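Below: one structure, written as structure tokens.
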Amino acid sequence: MAQDDHVFHAGERTVQARAEVSDDWLERAASFVRPEMPQQHRDFFENLPMLFLGLLDPAGRPWCVPVFGPPGYASSPSPSTLELQRAPTLSDELRLDLTPGASVGVVGVDLSNRRRNRMNGRVRYARGDAITIAVDQSFGNCPQYIQTRSLAPARDEPSAAAGRRSSLYEPAVRRLVESADTFFIASRAAGSLKGGSAGVDASHRGGRPGFLGINEDGSLSFPDFSGNRFFNTLGNIESDGRIGLFVPDFETGEAIILTGRATIDWSPGRVEAFAGAERVVDVVPEEIWHATATLPVTATLAEQWPALDDTGTWDEVRLAALNTDGYRRFQIASKRRESDTITSFYLTPADGGPIEPHVPGQFLPIRLQGNDGSILRSYTISQGPNGRDYRLTVKREEYGLASRLLHDRFKDGDIIEVASPAGDFVLDDSTQPIVMLSGGVGITPMMAMLDGLVAALRAGAPRREVYFIHATQNSASRAFRSELEAIVRQHDWLHLFTAYSAPEPGDRLGQTHDTEARLGMGVLAKFLPFDGYQFYLCGPEGFMRALYTGLRDMGIDRSHIHYEFFGAGELDEPEETGSVVELPTRATVTFARSEIQAEWTAQSGTLLETAEAAGLRPFHNCRSGKCGTCAVRLLSGAVHYTRKPLVSPADDHVLTCCAVPMDERVEIDI
């Protein structure tokens, strides 16, 4: 089929062929590209607070920059003309070509409703801040991958943008790039630009924060998600390779603006982590600017594009590559004694790579090497995420193999293997006041949650009243006292209450602690209102059972009581049973990796117990569906959970510690 060169140039057609776009579709697509702007596009551009332009510098390098101004700065006096009464941001500093005949690409996005339109043209006239653009091509775009945002009122006279040359080695630049969920891209065709498709193009890209990644060699990478199949940007990269990026921070108005060279990676391996993506684009920056006041309005995220929920980030890709059989080597950066029996261990990646984020309250599965082989345990991360390290705070138990090993033998620089953070003992997303009830080392998830609340408050989240109530024997056994008291001095929404059950001679009521009794409902009732709170419990079993029962007896709904409880028991009352599940009397369980088969009966117990009876040693920890350590791939067959796990395994995985066969043949990856 002969293509109209004015619609798609040679580079675009090459990419379309590589992507197996049909000739029938291209024939229909050509009709979407108009030589003039329809009225709805003219109205759309005129009413946007900002537009994004692709322009060239004297070296022919593309830059993507916004243009904005007070209402009326953009107008369309005719279908073939767009007039701007403001110069693009940093046009003088970047020496952007605005001479008559210069090629220009325009993209407008309404962040409030995901509407997007584009236009390619040439400068007809430019003097001072006034620019007239003659239209070559006008076409709409689908709303895919646009994050909706709530815009603050536009400033009548926006601040003037200011910028300076920078690099990806500057922390502020890296933070902005790696946290971006949106950027705009300018690209160009090769050779002399004759207008139409063979010119400069401006477009938009969106993804999860982290979809624009910085590589070790200083290059950038981003996934190319499926779109309208025009391939204007990729066609230009195929044709010429020079591109420009504008990476905004919508909440501050800052932006990273860069120009460089791009290539397309068509291999399937790298793109697998990004659902919906078809290729990866790599960019080698040549010049980078860090600019302020680049947007006329600030905006907060209202809704992420829904299809992004299952896509990955480059940090996740790198982390997956660093893991060996689900674990990764960390080293003890430092140890800090918190009480007479409790010590904190600060762990940093031994490979120097990024740290996997966690939600405050989650735990970290670890693997220690002891005299008799591997020891698996899970300990709560006792601080909020900081991108640097994990803090595990462990009580030395007299008969605890792992805790004694950590306290007595492990020192700074020693290696501990860690898996991914897990667990769902995390704060609810309501605005109700919070009561944190902890006993002994059960204080650890509360410290992480409190850390997370402080960070959220700094980021603009609404404040929540917090009653932090801790029970321990005395000052010698009390952990985090100075850290907690420092937070209390800074935040009046935090109320700290401490109960000592066995005070030492040096402890002083009213100074070191607030009551001398075991923490029970009678103590709580004296100072704590019970209406409309979310309760969080963690501590020894007897401590939690007494408080849970007391709260339920006072009429607190079970949905308002959250707890972390390891072991085979539960605090919840038995719920009404649902429909009866019919299980086979016998089943054949195949452990694929070990090439072993075992017969299962009702007396065999769980899949984990069946594997152990067959002589295997699969990973596990809590044995009650609360840590996720025992998760493996379910290769065939169906399973039933004899008790509902508190951790949901990944798709196509099963928690062996509480699952039994529901089919007569089940195959799992052990």
Side-chain angles (χ1 to χ4, degrees), residues 6-8 12 28-55 62 64-69 71-86 88-89 103-124 131-149 151 154 182-188 195-197 199-206 225-236 244-246 248 250 295-297 299 305:
H6 185 69
V7 177
F8 298 118
E12 292 166 333
R28 294 195 303 272
S31 65
F32 302 151
V33 182
R34 306 174 180 90
E36 293 183 333
M37 293 186 293
Q39 186 62 47
Q40 60 174 323
H41 288 200
R42 298 167 65 193
D43 295 339
F44 178 73
F45 286 140
E46 288 181 343
N47 287 290
L48 286 177
M50 56 190 163
L51 298 170
F52 294 88
L53 274 56
L55 292 163
C64 190
V65 290
V67 59
F68 54 82
Y73 80 98
S75 62
S76 176
S78 72
S80 62
T81 306
L82 180 66
E83 292 184 351
L84 305 174
Q85 299 304 317
R86 286 297 177 96
T89 296
S103 189
V104 55
V106 181
V107 61
V109 178
D110 189 333
L111 297 173
S112 68
N113 61 19
R114 296 193 172 110
R115 190 178 167 200
R116 170 174 51 185
N117 288 310
R118 290 160 61 185
M119 184 265 280
N120 296 333
R122 285 164 289 179
V123 175
R124 178 181 295 167
I131 305 168
T132 300
I133 301 173
V135 177
D136 282 333
Q137 292 183 330
S138 174
F139 50 100
N141 261 183
C142 63
Q144 291 189 102
Y145 310 108
I146 298 175
Q147 331 288 0
T148 56
R149 288 186 146 82
L151 276 64
T182 297
F183 66 86
F184 298 85
I185 182 169
S187 58
R188 58 160 295 163
S197 64
V200 175
D201 182 78
S203 189
H204 160 279
R205 293 292 188 272
F225 295 103
S226 58
N228 60 12
R229 319 301 282 174
F230 284 11
F231 294 117
N232 307 111
T233 299
L234 294 194
N236 285 341
L245 301 185
F246 179 87
F250 286 104
L295 303 174
V297 295
W305 175 251

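Owing to the predicted nature of the structure, the values given are computational and were not obtained by experimental measurement.
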Beyond-backbone contact of [X] with [Y], side-chain heavy atoms, under 4.5 angstrom:
X	Y	result
Met119	His41	no
Gln144	Trp305	yes
Ser203	Ile185	yes
Asn117	Met37	no
Asn120	Asn232	no
Pro88	Ile131	yes
Leu51	Leu84	yes

Looking at every non-hydrogen atom in both residues, tell me the closest pair between [X] and [Y] and how far apart they are.
X	Y	result
Met50	Leu111	CE-CD1, 4.0 Å
Ala202	Gly54	CB-N, 3.8 Å
Cys64	Gly244	CB-O, 3.9 Å
Arg205	Thr233	NH2-CB, 3.5 Å

Pick from Val109, Asn141, Thr148: which one makes a side chain to side chain contact (heavy atoms under 4.5 Å, CB included) with Arg114?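 Per the side chain to side chain contact (heavy atoms under 4.5 Å, CB included) rule, the option paired with Arg114 is Thr148, out of Val109, Asn141, Thr148.
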Ignoring hydrogens and angles, tell me if any N or O in the side chain of [X] forms a donor-acceptor pair with the backbone of [Y] under 3.5 Å.
X	Y	answer
Thr89	Pro66	yes
Glu46	Ser76	yes
Ser103	Val200	yes

Looking at [atom1] of [X] and [atom2] of [Y], how far apart are the two atoms once the value is rounded to the nearest 0.5 Å?
X	Y	atom1	atom2	value
Phe44	Gln39	CZ	CD	14.0 Å
Ser80	Asp136	OG	CG	10.5 Å
Arg124	Ile133	CZ	CD1	10.5 Å
Arg188	Asn236	CZ	CG	9.0 Å
Phe230	Gln137	CZ	CD	9.0 Å

Working for ring pair (Phe, Tyr, Trp, His ring centres under 6.0 Å), residues Phe68 and Tyr73: CA-CA 7 Å; Phe68 54 82; Tyr73 80 98; 7.7 Å; no
Once you measure the plane-to-plane angle for Phe52 and Phe246, does it fall in the parallel (<30°), tilted (30-60°) or perpendicular (>60°) bin?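 The rings of Phe52 and Phe246 sit tilted, inter-plane angle from 30° to 60°.
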List the steps and the verdict of side-chain contact (heavy atoms from CB on, under 4.5 Å) for Asp201 and Arg118. CA-CA 9 Å; Asp201 182 78; Arg118 290 160 61 185; 2.8 Å; yes
